[in-house]
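Inspection log for the structure reproduced underneath, given as structure tokens.
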2 protein chains.
Amino acid sequence: MAGNSHKILLVDDEPDILEFLKYSLEKEKYSVTIADNGADAIKLALANIPDLILLDVMMPDMDGMETCTRMRERKELSNTIIAFLTARGEDYSQIAGFSAGADDYITKPIKPKVLISRIKALLRRNASPNDSATVLQANGSLKIDKERYIVIKKGKELSLPKKEFELLTLLVSKPGKVFTRDVILSEIWGHDIVVGNRTIDVHIRKLREKIGDDLIQTVKGVGYKFIGAEAA
Amino acid sequence: MAGNSHKILLVDDEPDILEFLKYSLEKEKYSVTIADNGADAIKLALANIPDLILLDVMMPDMDGMETCTRMRERKELSNTIIAFLTARGEDYSQIAGFSAGADDYITKPIKPKVLISRIKALLRRNASPNDSATVLQANGSLKIDKERYIVIKKGKELSLPKKEFELLTLLVSKPGKVFTRDVILSEIWGHDIVVGNRTIDVHIRKLREKIGDDLIQTVKGVGYKFIGAEAA
DNA sequence: CCTTGTCGTGAATGATGTGTTAAGGGAATC
DNA sequence: GATTCCCTTAACACATCATTCACGACAAGG
């Protein structure tokens, strides 16, 4: 991503604020989408995954808190930063906000300069883990290219289905580390979505079929781990 | 998972829900205590500190909110997770709930699967600081890597079965200290699960087979202890 | 010495978790 | 709207780990 073409979704029920912030952000070359209620915000967010969502807490119908919670339930938005906007004095909601999965908390009245600097910080913070790992190198024989969404094994390019790719990426992200089934479930399926307990096995099996049996090791009663080229 | 016998305190004034949830949780090997009112809940919580408290919001006399607040005033319960149970639609209480010090918020009707997955997520979140010592160093000749779930003896990597690994980890966690059989049982098997009295011996034996006889010492009539490289 | 209690040992049994296959539902794609 | 492909579930086989059991060794005390 070059510089500032980050996508920001702005959610507030007051048209004035909406317009004011939109103007401020666009002046900084951000790509801004707006919504004036939670439901629309979720739809828009899913339709075009933003990098950052600015969410007003006080809104009719679905408030910011709930909107945030629902967004966090969607795996697609797991890498998206969510920041709350709220009036000073609503301190209590701050705790709730973080608990609902927010990354930051910005109090009104909002000064454009502060907002911008805050946003830059937020985006920078999340930029590194996301981008740096565009290519995950496993052990020479295996590479994962997140950007192109393919796995390269001994020069051959494999294109894995989504779940398998995510599962492999998770395991490779920390070679040797054992990922318990619970962790795998909540990392890949999200903390509320529940699938049967044989599902992971099946994906593991498909992965082993494709990348070789010896790369993924079972630790019975615990979970799975990815094995690099370890001294046996 | 036997190491998973987390203690959960369940508080609700409706016997049906209480029983239903208790059943669901115990099926997952959690150690469940119940209370049907806030006052009892606090007493029980202090008597036997739980890892997680599930607290119904709507209760006669002392409601969930107040119970939570009072619990949070006790230092002993500062590490305990508190989650509210409430009917959907009581949105306002959600904010108040977090404000009272709750860690999560689960809406009725409760689906067991969702509840379990939520609980696991909550407990895991708090589990990390505990496991912070990813690598246990024993005495130079023995290392335990909890994350990778392996034991390294003189450079060789051994992968032990779960129970053996847990047992060794326990002993090594405090070299020289004698762990009585009772302590070992409740640490590894949980307070409720009961196994025969020869079981520990067998695991100890397997451990000695794998890591060497001299590292684990028997203290007859008392228990076992791990011996570092002590000058004999 | 004999008794008593504790631990070590090896083999047998039981329980649990995982591998595997196939089939159905659903979403995405054309 | 039809056809893929992917995700998930279910059922069963299988392996490994956990546990029990019976017995022998050993030490301490009577």
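Below, chain A is the first sequence line, B the second, and so on; all start at residue 1. Any value given below was found using the heavy atoms of this structure, including those in side chains, with hydrogens, waters and symmetry copies removed.
Rounded to an integer number of Å, the gap from L207(A) CG to dT18(C) P is 16 Å. The nearest whole Å value for the distance from the CD1 atom in I200(A) to the P atom in dT8(D) is 10 Å. The distance between atom CG of L167(A) and atom C1' of dC6(D), rounded to the nearest whole Å, is 14 Å. Separating the CD atom of Q217(B) from the P atom of dT6(C) is a distance of 19 Å, rounded to the nearest angstrom. The distance between atom CG of D201(B) and atom C1' of dG10(C), rounded to the nearest whole Å, is 13 Å. Remark: P of dC5(D) and CG of L158(A) are 16 Å apart, rounded to the nearest angstrom. Atom CD1 of I188(A) is separated from atom C1' of dC6(D) by 15 Å (rounded to the nearest Å). Rounded to an integer number of Å, the gap from CD1 of I204(A) to P of dT21(C) is 16 Å.
Applying the ring pair (Phe, Tyr, Trp, His ring centres under 6.0 Å) criterion to F165(B), with sequence neighbours excluded, gives Y149(B). Here K220(A) pairs with nothing under the salt bridge (Lys or Arg N to Asp or Glu O under 4.0 Å) rule; sequence neighbours left out. Applying the salt bridge (Lys or Arg N to Asp or Glu O under 4.0 Å) test to K22(A) and every residue at least two apart in sequence or in another chain returns E26(A). Every side chain to side chain contact (heavy atoms under 4.5 Å, CB included) that D40(B) has, sequence neighbours left out, goes to A35(B), D36(B), N37(B), K43(B).
Taking side-chain N and O atoms only, T218(A) has no distance below 4.0 Å to OP1 or OP2 of dG17(C). Contact between the side-chain N/O atoms of R181(B) and the OP1/OP2 oxygens of dC7(C) is found at a separation under 4.0 Å. Applying the 4.0 Å criterion to OP1 and OP2 of dG17(C), one finds that Y224(A) has every side-chain N and O outside that range.
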Heavy-atom protein contacts under 4.0 Å, nucleotides 17-30 of chain D, coded B base, S sugar-phosphate only, - none: SBBB-B---BS---

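The residue among D213(A) and V219(B) whose nearest nucleotide of DNA chain C lies closer to the 5′ end is V219(B).
The environment of NZ in K143(B) is sparse: at most 12 heavy-atom neighbours from other residues, nucleotides or ligands sit within 6.0 Å.
Checking T218(B) against R208(B) by side-chain atom types alone, a donor-acceptor pair falls below 3.5 Å.
When heavy atoms are screened at a 4.0 angstrom cut-off, F165(A) is found touching no nucleic acid atom at all.
Counting only residues at least two apart or on different chains, the salt bridge (Lys or Arg N to Asp or Glu O under 4.0 Å) pairs with a member in residues 167-176 of chain A are K174(A)-E147(B).
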